[in-house]
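Structure, as structure tokens:
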Amino acid sequence: MQTIQILDANYKYNEKRNPVIQLFGKLSDGTNITKKITNFKHYFYVGINNEIDLDEIKIELVNMGVEVEEVQRYEPIGYQTSKKLMLKVTAIDPKEVRSLRERVKKINGIEEVYETDILFRNRFLIDKNLGGMKWAEVPDKEEFSESEIKSLEIKKNVPLRLMSIDIECLPKQNGAMPTLSEDPIILTSLAFSEAYNETTNLVLVGKLTSQSSENTLSFANESELLENLMLIIEDYDPDIIVGYNSNEFDFPYIETRTKKLGIRASIGRDGSSLYTKKIVLNTNVMVTGRVIIDLLHILRSSNEDKYKFKSYTLKNVAKKLLKLKKLDVDTKEMRGLWENEGDGLKNFIEYSRRDAIITLDLLLEMKLVERYTEMAKASGSLLQDIANGGQSGMIENLLLRRFREHDRVVPPKPDSETSDERFDDSESLKGGAVLDPEKGLVEDVIILDYKSLYPTLMMAYNICYSTIANSPEDEFERVKAPMGGGEFVKTETLKGIVPEILEELLDKRIKIKKQMKLATGTQKELLDAEQYAIKILLNSFYGYSGYQRARLYDLRIANAVTSFGRENIKKTTDLINRMEKIDEYSFRVIYSDTDSVFIKVISKENKISLEKAEKLGDIIGKEITKNLPEPMELVYETFARRGILLAKKRYAMWIFDKTREGYEDKLKIKGIETVRRDWCNLTSNTLKSCLNMILKEGEVAKAIALAKEKVDKLQNFNLTKDSSLLEDLVITKRYTKGAKAYKNKQPHIQLVERMKERGDTPPSIGDRVPYIIIRGKSGGKRQKDLFVNRAENPNYIIKHGIQIDTEYYINKQLLPPLLRIFSTLNSAAPTGAAEFVVKDKKQRTLEDW
DNA sequence: TGGGAAGTGATA
DNA sequence: ATGGTATCACTTCCCA
């Protein structure tokens, strides 16, 4: 017997054209191993009309060459007291299932089909309780039957072998984008996390040069470079290959070049080739038995604040995450460097090497492998599916497993027509409630929030597909969502499948968090990855139920969650407002959003201490929690000594968090321009400094002086003297779709169009476009001078010495956000702020004249 | 020219 | 391809 951790799975036909599952796994010593399972068959379910003769239906099915079995199953949606008779249809060829489904649907008496679009490898993993990065016990032999494999619960993970890749190509025209069909790959850099033959990186050079050394291999031409690249990959045998924009550039490029040169890119663990597939905007890269990760793709789609950047170039991301400066080569210099035999080529090689090293370092720094491993283990999805992104896949995997255990079938994914219908009435899903804040300066605010509100609501009210009461005349007791949403039977009648999953996940997360407090080093990191994976899953069930492309889309569920949530936060607010004084303190809710409440502490005698604030927060939280169904919980989050509430979802708070060394203060800024990427740094930085002065130091006059200083500096701005300030004027916005798809003009889109006309390399869809607003032609027609037409690329501005529209930066970038802050202070600091506002108005009128 | 609607991006 | 809604702010567009 052997124990393996599963890295990847697929299927392939044997010589008898029977499907064979291939499992790509690792032994605990790190050895890679492939296992083949021979007798597993694909199947799906059909729901039948009881009035049609069952035998007739069965005969028609059997005539299609499938096996048919009578089974008892629950339907996917709704509380049911008994199972229904269904048919399990087993196909011999997994590829047939799709066409079979269409033929089966036409049979008279077959009303529904279920689980017709589960990938064969997933069907196998689900049924055998196996999954990505999970462990299995298997026979020593290579090929065996499905009954010989057993799933194991093992916490530890085999270390994976990681490799990064980066290619450089030589375009015909200096500075142009390389063309697949014509321009060769000249350099390929690799970095290895488990050393390869005692080296951690390699550069393959596509021409013979004296520059070759131990870590630099030189080859006669591109063909030899690529042939050797394939050999190195096979030899090193990485589990994960990571690149930066590699799904859109490096891999498709390698695929095309190898095809053109007649080289087999057979880097799959079963000897299959690298394979890329373009899907609308993105490209999927597949290498059997290995996991391909594109870091750019992952960073761009990340929701985490720490991975949000104004620019996603490898250079900027490395600067921010690794605090590194990346060597940079201007694409226009590439040909010169390449043709240079001395230092030029050497620098080019080192630049390329460094890209590969940085990419690998980023992967390690982000702890991505650890996170993805735990997400795979918690959901059962394969590592590659996790890396490709999407929470719906993980949720579906979990639901398929649990529904199966409860003898409940799952519907197929909606076709495009069905999801269009869903889209049409999608307005019917309402979200959380946001209370209009008491705007202006506030002091002494306790902030409380609900821990995992949506998941705990689903548990508290037994909200699930399996507990929806679907017929009004049913007699069992049930709870109806307060404002829209379905009715659900109580836990005593039937505990829902989703609440059951959530409960297990929540318990597990609490346990892990406890263990984390005692753990250190890698042990702690592993636990952190595990709790993070669970957190993602916990929070995804609600979104999934309201997601139009979900198998189990049900607005009665999604609406019930938000409606219970809205009712709950309103009740919470009312209860706190009506609460009796505690000691000499009374309370008023001044803001709330979905799951949080901001409570102003009112006291005539004493300013509240930080310790007392936390104590009161705890008391209020417990007081509210005690009247709530389990496991809902309102907890103390933080305390703000002072803050400014500007509008819903826009505020700045000076908060105090308890640490081991005492209290740590910082600004918690939400929604306002300091945290927005579509404002220039000059605005964000000035605003942040002003907020610091006002909130922390109470120095309004100082803040106003700073604002004035910045305005003055801009007024006297001179590009040739002061080009360092230019960087602070850059605004970035995402280029989201093709220019023709925009109904209104926007500065960054106009710039992209202009860059195309000029023949500059334009940003691609999805990129953030940096721009600066330049001065218009005075006396020109107003229409032509619209600021949308005056966005320009920063490099272009420097190169051509173009004048900046300093007025725009003063009146549209600096002043509005600053004035919004100052004007809220009018009552608190009337003199300073008022003076500033008046002066500004004067200035503006003067300029206008 | 003023004011509101609509489009867009970004955030909570 | 693919978790959700609420909200803000800016800009252009369009009508009176």
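First the proteins, then the strands, lettered A, B, ... as listed; each starts at 1. Since the structure is predicted, the reported quantities are computational estimates derived from the model, not experimental observations.
Using bins of under 30°, 30° to 60° and over 60° for the plane-to-plane angle, the ring pair A:Tyr461/A:Phe564 lands in the parallel bin. Ring pair A:Phe309/A:Tyr312 is perpendicular by interplanar angle, where above 60° counts as perpendicular and below 30° as parallel.
Annotation: proximity of residues 677-689 of chain A to DNA chain B (heavy atom, distance under 4.0 Å) is found for A:Arg677, A:Asp678, numbered in ascending order. Non-hydrogen atoms lying under 4.0 Å from DNA chain B are contributed by nothing in residues 391-400 of chain A.
Out of C:dC10, C:dT7, B:dG9, the shortest distance to the side chain of A:Lys733 is found at B:dG9. Comparing C:dC10, C:dC8, C:dG4 against the side chain of A:Pro816 picks out C:dC10 as the nearest. Across C:dT11, B:dA12, C:dT5, the shortest atom-to-atom separation from the side chain of A:Tyr808 is found for C:dT11. When each of C:dC8, B:dG9, B:dA12 is scored by its nearest atom to the side-chain atoms of A:Val675, the top-ranked nucleotide is B:dA12.
Judged by the 6.0 Å and 45° rule, A:Arg371 forms a cation-pi pair with A:Tyr532.
Regarding A:Tyr450, its OH atom lies at a distance of 22 Å from the P atom of B:dA12, rounded to whole Å. Regarding A:Leu453, its CG atom lies at a distance of 19 Å from the P atom of C:dG4, rounded to whole Å. Distance NZ (A:Lys430) to C1' (C:dT7): 14 Å, rounded to an integer number of Å.
The aromatic ring centres of A:Tyr651 and A:Phe598 sit less than 6.0 Å apart.
Residues forming a ring-ring contact (aromatic ring centres under 6.0 Å, His included) with A:Tyr244 (at least two apart in sequence, or on another chain): none. Partners of A:Tyr450 by ring-ring contact (aromatic ring centres under 6.0 Å, His included), not counting sequence neighbours: none found.
A donor-acceptor pair is defined here as one N or O able to donate and one able to accept, closer than 3.5 Å; no such pair exists between the side chain of A:His748 and the backbone of A:Tyr771.
A donor-acceptor contact closer than 3.5 angstrom links the side chains of A:Ser381 and A:Asn397.
Ranked by how close their nearest DNA chain C nucleotide is to the 5' end, A:Ile279 and A:Lys649 are led by A:Ile279. The nearest heavy atom of DNA chain C to A:Ala433 and to A:Arg549 marks one nucleotide each, and the one closer to the 5' end goes with A:Arg549.
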* Asked: What is the per-nucleotide protein-contact pattern of nucleotides 2-8 of chain B, from the 5' end, where B denotes a base atom under 4.0 Å from a protein heavy atom, S denotes such proximity for sugar-phosphate atoms only, and - denotes neither?
  -> -----SS
* Asked: In dot-bracket, 5' to 3', how would DNA chain C read with Watson-Crick or G-U wobble pairs under 3.5 Å, [ ] for crossing ones and | for pairs to another strand?
  -> ....||||||||||||
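Checking the phosphate oxygens (OP1, OP2) of B:dA10, no side-chain nitrogen or oxygen of A:Arg650 falls inside 4.0 Å. Contact check, A:Tyr547 against C:dA1: no side-chain N or O comes under 4.0 Å of OP1 or OP2. Phosphate proximity of B:dA10 to A:Arg768: present, with a side-chain N or O under 4.0 Å from OP1 or OP2.
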